[in-house]
Protein chains: 2
Amino acid sequence: MSTSQSLRHKLAQELRSLIRSGELAPGDKLPSEPELAHDRAVSRSSMRAAITMLEEEGFVRRRHGSGTYVTHRPALPNDLSRNFGVSSLIASTGLEPGTAEETSELVPAPAFVAEALEVADGAAVTALSRVRTADGRRVVDTIDWCRADHLSPAELLDLGDGSVYSALAARGLVVHHGVATITPGNADAETARRLDVARGALLLTIDQIDMTAEGVPVLVSREHHLADAFAFMVVRHGPGAAVEVQR
Amino acid sequence: MSTSQSLRHKLAQELRSLIRSGELAPGDKLPSEPELAHDRAVSRSSMRAAITMLEEEGFVRRRHGSGTYVTHRPALPNDLSRNFGVSSLIASTGLEPGTAEETSELVPAPAFVAEALEVADGAAVTALSRVRTADGRRVVDTIDWCRADHLSPAELLDLGDGSVYSALAARGLVVHHGVATITPGNADAETARRLDVARGALLLTIDQIDMTAEGVPVLVSREHHLADAFAFMVVRHGPGAAVEVQR
DNA sequence: CGGCCTGAAGTTGTCGGACAACTCTGTTAG
DNA sequence: CTAACAGAGTTGTCCGACAACTTCAGGCCG
């Protein structure tokens, strides 16, 4: 499934894993572009394109006339700008992900969901409600909404611990990116019960709209995270480089 | 100051502003690479490199044999992955930024600051403490720490409403990127007083370490935002494209 | 008439080579 | 001892060519 990428994407991926594995440490100088290209039997153009991708992601920094260097950039425990599901998030901390109180049903779309999914207000949509656990401890309360003609409630119950993303992808709806809004909050009575904490417990809520590369919104989700369960991190670029005039 | 970038960066910036200004709307097809290059009297290689940057940022999407298209991606009100100061953040909402209770002094570095700035535990560092206001309303409580030999307390008081970033840049310390940790919280007595809210008020706290392109940490900051003051957003990439095996 | 096939045109992907611009180091001239 | 210089090494840009793919229109065949 990953073989159909363009060459520069594969090259970029190889470089990324070299950096992540520590084979190329922060501060290290990469081999020269001609050398890298020759070793892999590709043209310098393609290798350059791959390095350009890494540069934009902030993994490396080029210095004209000098070389390309790995930036000092910590491997983020869980990067908000990357979008893997809650299961992967839990698994990355070394704990065992699980699910409780799973329900899937047709419900009238709440206003903000209807707007995001571009359906009529109150139209029936599929809602998947789950409490996610880490080593048995309840840490995240999630609700996912998607259009009823995209996925039925039954299909969502079938997936077990599989990701909603893969269920959508099986229907040809590949999530390309999402827009998330982050807000702090306190647990209301129902959320507190579901997460087995006291009412008013600190939460971090992530509201997210996922869409395909064509911009078609396919999934709306709301995740209430226990405040002490995860430390969300994000790399912030600029000022100095990419930022010029804002607005 | 912005003239010393490489050509592809300037080209990318021009394309970005074309998209942001709406001249190139989501879904639109860009002119072909040879055409874009010819119009600007640059080579196709450079134009391609610029488009590759935009592609990595998620602004456009390439389709082999078809063309390059602007992605449906909303202009985020305030994007967590971008790093402008709190003043710009407030200004972007249309309100007037201001400062209250500004103090700047030498203090012994708290443990996490000392570690981040790579100085001895308890060493003297410059600490700038400010309450930021929007149209007079107190919305953010911030503390910035930096090494005493980088900026003195007096220099930080001089800058008035200027950014700490520009003060650092004037000393040759250009902030290239920062790593932020986002946590929800409740206001303690002191923070509540400074922000003029009830004790226990909801906060969103952003702890951030800013560093130069060489990876030298130059600024540590802690911002307590009133929960209802801003809606922080972030674009999350993948799964489907850049994500392969995680761990 | 409808559907399939084919071909051409247009676009992005990759290649190879060349030279300019810049950095860095070591040597030499003052 | 310092400063200027020369050379090698590296990234930045340019050019031209062809391959791979998409799209669409036109013609063919059922």
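Chain letters run A, B, ... following the sequence lines, proteins first, then strands; residues in each count from 1.
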Which whole-number value in Å describes the distance from [X] [atom1] to [N] [atom2]?
| X | N | atom1 | atom2 | value |
| --- | --- | --- | --- | --- |
| A/Arg61 | D/dT10 | CZ | P | 18 Å |
| B/His38 | D/dG16 | NE2 | C1' | 15 Å |
| B/His64 | D/dC21 | NE2 | P | 6 Å |
| B/Glu33 | C/dT11 | CD | P | 10 Å |
| A/Leu54 | D/dT11 | CG | P | 13 Å |
| A/Arg40 | C/dC15 | CZ | C1' | 17 Å |
| B/Ile51 | C/dT12 | CD1 | P | 7 Å |

Ranking A/Tyr69 and A/Met47 by the position along DNA chain C of their nearest nucleotide, the one closer to 5' is A/Met47
[options]: which one has an atom nearest the side-chain heavy atoms of [X]?
| X | options | value |
| --- | --- | --- |
| A/Ser66 | C/dC24, D/dT13, D/dG12 | C/dC24 |
| A/Ser32 | C/dG16, D/dG12, D/dT10 | D/dT10 |
| A/Leu7 | C/dT14, D/dG12, C/dT12 | C/dT14 |
| A/Ser43 | D/dT10, D/dT13, C/dG16 | C/dG16 |
| B/Arg48 | C/dT14, D/dG12, D/dC14 | C/dT14 |
| B/Lys29 | C/dT14, C/dC22, C/dT11 | C/dT11 |

For A/Ala148 and A/Leu106 the tightest heavy-atom approach is CB-CD2, 3.9 Å
Scanning both residues in full, the closest heavy-atom pair of B/Thr212 with B/His177 reads O-CE1, 4.2 Å
Under 4.0 Å, counting only non-hydrogen atoms across every strand here, what does [X] touch: a base, just sugar-phosphate, or nothing?
| X | answer |
| --- | --- |
| A/Arg63 | sugar-phosphate |
| B/Arg44 | base |
| A/Arg8 | sugar-phosphate |

| query | Does B/Thr71 use its side chain to pair, donor to acceptor, with the backbone of B/Gly58 at less than 3.5 Å? | reply | yes
Tell me if a side-chain donor or acceptor on B/Ser81 pairs with a main-chain N or O of A/Arg236 at a distance below 3.5 Å. no
query: Any side-chain N or O of B/Thr68 less than 4.0 Å from the OP1 or OP2 oxygen of C/dT12?
result: yes
query: According to a strict under-4.0 Å criterion, is B/Ser46 in side-chain N/O contact with OP1 or OP2 of D/dG12?
result: no
In this structure, CG of A/Leu36 is separated from CG of A/Leu18 (nearest 0.5 Å) by 9.0 Å
